[in-house]
Amino acid sequence: MGEILSNYDVLAAFWGTIQLSILGTVGAMLLGTIVAILRLSPVRVFQWIGTWYVNTFRNTPLTLLMVFSILGLSFILGIQLNTTDVSSNVFRWAVVMLSVYHGAFICEALRSGVNTVPAGQAEAARAIGLTFGQSMQHVLLPQAFRGSVAPIGSTIIALIKNSTVAQVIGAGEAANLMSTIIENEGSRFSVFLIFAIGFVILTLPLGLLFTSMSRRLAVKR
Amino acid sequence: MKVRQLCVVLAASALTLGLAGCGDSANDSGSGSGGDASGGSTGKAVKIGIKFDQPGLGLKKGNDYAGLDVDVAKYVAKELGSGEGDITWVQAPSAQRETLISTGQVDMIFATYSITDKRKETVSFAGPYFVAGQDLLVRGDDSSITGPETLTGKKLCSVTGSTSAQKVKDKYPGVQLQEFGTYSECVAALVSKGVDALTTDNTILAGYASQDQYKGKLKVVGKTFSEERYGVGIKKGDTALCEKINTALTKMVSSGDWQKAVDANLGPAGFKVDTAVNPPKPDACS
């Protein structure tokens with residue numbers, strides 16, 4: 001085990017995982033919030049677009065999305081996110097696909113959060129003359145985020161673990177190094193253990209944090 | 001045109017999923033081509049690990065298995081007293097080969113299994129039965145790539161974490177390396193001009209170039225820059241089995257069946273076997 005840790009840069013690989021996860025989370029939160037607003041908006045077309053997005057990307061196999069981003073979008077349609085460097089193109093596409101995939105879950109988590117806000121509040125907001133945007137910004141979304149900390153937390157933890165799927169397009173992260181080590185050293189239990197512990201370290205504290213946050217931030221009614 | 005290519009890619013991606021899903025199905029594989037095959041099911045049962053997704057080496061087509069690894073495995077099994085009907089084929093993905101052997105889920109592995117000192121720490125090898133080498137696969141009309149030195153600035157494809165990918169990273173840092181989960185995706189990328197070359201063992205490359213849909217479109221450069229000695233993976237320290245397999249392999253070479261199997265599986269794409277190192281003499285068992 002020590003031999004593996006000294007011969008391979010495990011920390012650098014996990015740093016790749018952390019970067020993927022942070023950027024993916026930011027992207028997923030942005031996309032998810034936008035899609036949630038679309039789904040909640042009074043305009044029928046926007047609702048359709050939001051519903052279409054969620055139904056398309058929710059649980060569409062991430063492997064397929066990843067491979068499609070490189071083989072289909074990058075190579076055939078020529079949409080390169082970095083034209084000079086292959087590995088950075090791959091990394092950026094991995095971030096995009098993690099965001100797109102988990103954005104659908106964030107959207108649904110937020111929508112469930114909006115549903116915790118009593119209907120009377122939305123009606124009151126309209127009654128005092130707030131527009132849809134204003135009532136979203138000042139009344140509904142702040143409470144929705146506080147009400148959906150727990151499901152958003154589980155989505156983010158899923159995102160961290162799902163970042164390993166990016167190895168199918170060769171993004172530099174933990175699972176990529178793990179397959180390299182297995183190729184060179186043979187599959188040993190210690191290899192599995194190192195990476196399992198790595199992911200426990202990444203996700204367990206986050207899980208505890210989200211649980212306590214969901215308790216502290218919940219709107220008392 | 002683009003729509004058609006997109007469809008091909010979608011199909012390829014779907015295939016990858018299927019393969020990924022197969023990873024844990026090592027135990028539920030079928031029992032070869034049934035009892036009516038030559039040899040019958042009279043001998044002792046044997047479980048053999050092969051690749052299921054490597055054209056030319058070990059490929060599952062419906063209930064049939066074809067390829068060089070499969071043919072060598074059948075020959076060795078016959079010499080050990082098991083007919084085709086006694087063979088249970090088990091899928092042996094690269095990352096699971098040591099585990100399959102050490103837990104006894106397979107008796108022998110014929111799966112492009114290169115003999116290395118690291119692997120000898122956990123398993124024993126009989127053979128080698130073939131000496132392959134890392135090579136390049138390029139589009140048929142591409143004459144700019146003649147060897148690894150001509151790759152600078154080109155885009156090269158290989159499988160995530162594979163020995164071939166690592167070697168390129170270390171030796172030729174000027175090359176842009178795109179990695180995928182399987183070689184099939186690399187081939188799709190090569191055909192759609194997303195990458196300029198694909199690198200791994202020349203046997204695997206020849207297998208893809210021989211597939212009907214790629215005939216004439218892809219060619220193997222034919223300048224190897226490494227040596228991969230394919231051995232038969234067996235339980236560590238089983239020298240008795242190792243000796244028997246080596247005897248069978250020697251017999252296969254001297255009877256001409258080895259050459260026939262190589263020609264039938266790797267020949268169609270014009271692949272030339274490196275006769276300086278092939279057919280190899282089996283190592284001493286230890």
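No hydrogens, no waters, no symmetry mates; every other heavy atom, side chains included, goes into these values. The chains referred to below are lettered A, B, ... by the order of the sequence lines, with proteins before strands, and numbering in each begins at 1.
With rounding to the nearest 0.5 Å, the separation of CD in Q178(B) from OG in S74(A) is 7.5 Å. Taken to the nearest 0.5 Å, the CD atom of Q176(B) stands 9.5 Å off from the CG atom of N89(A).
Residue contact with chain B, scored on non-hydrogen atoms closer than 4.5 Å, involves the backbone of T84(A) exclusively. Only the side chain of Q166(B) comes within less than 4.5 Å of a heavy atom of chain A; its backbone N, CA, C and O stay farther away. Using a 4.5 Å cut-off between heavy atoms, T116(B) makes no contact with chain A at all. Residue T122(B): no heavy atom, backbone or side chain, is found under 4.5 Å from chain A. For N184(A), the parts lying near chain B are the backbone and the side chain together; criterion is any non-hydrogen pair under 4.5 Å.
Other residues, nucleotides and ligands contribute at most 12 non-hydrogen atoms within 6.0 Å of the CZ atom of F46(A). In L193(A), the CG atom is crowded: over 12 heavy atoms of neighbouring residues, nucleotides or ligands sit closer than 6.0 Å. More than 12 heavy atoms of other residues, nucleotides or ligands shown are found within 6.0 angstrom of NZ on K236(B).
The side chain to side chain contact (heavy atoms under 4.5 Å, CB included) with E179(B) is formed by just one residue from the set N176(A), V90(A), I169(A), I70(A); it is N176(A).
With S192(B) contributing its side chain and F75(A) its backbone, the two residues share no donor-acceptor pair below 3.5 Å. Between the side chain of E183(A) and the backbone N or O of S162(B) there is no donor-acceptor pair closer than 3.5 Å.
Summarising the geometry of V67(A) relative to E185(B), their closest heavy-atom pair is CG2-OE2, 3.7 Å, with the distance given to 0.1 Å.
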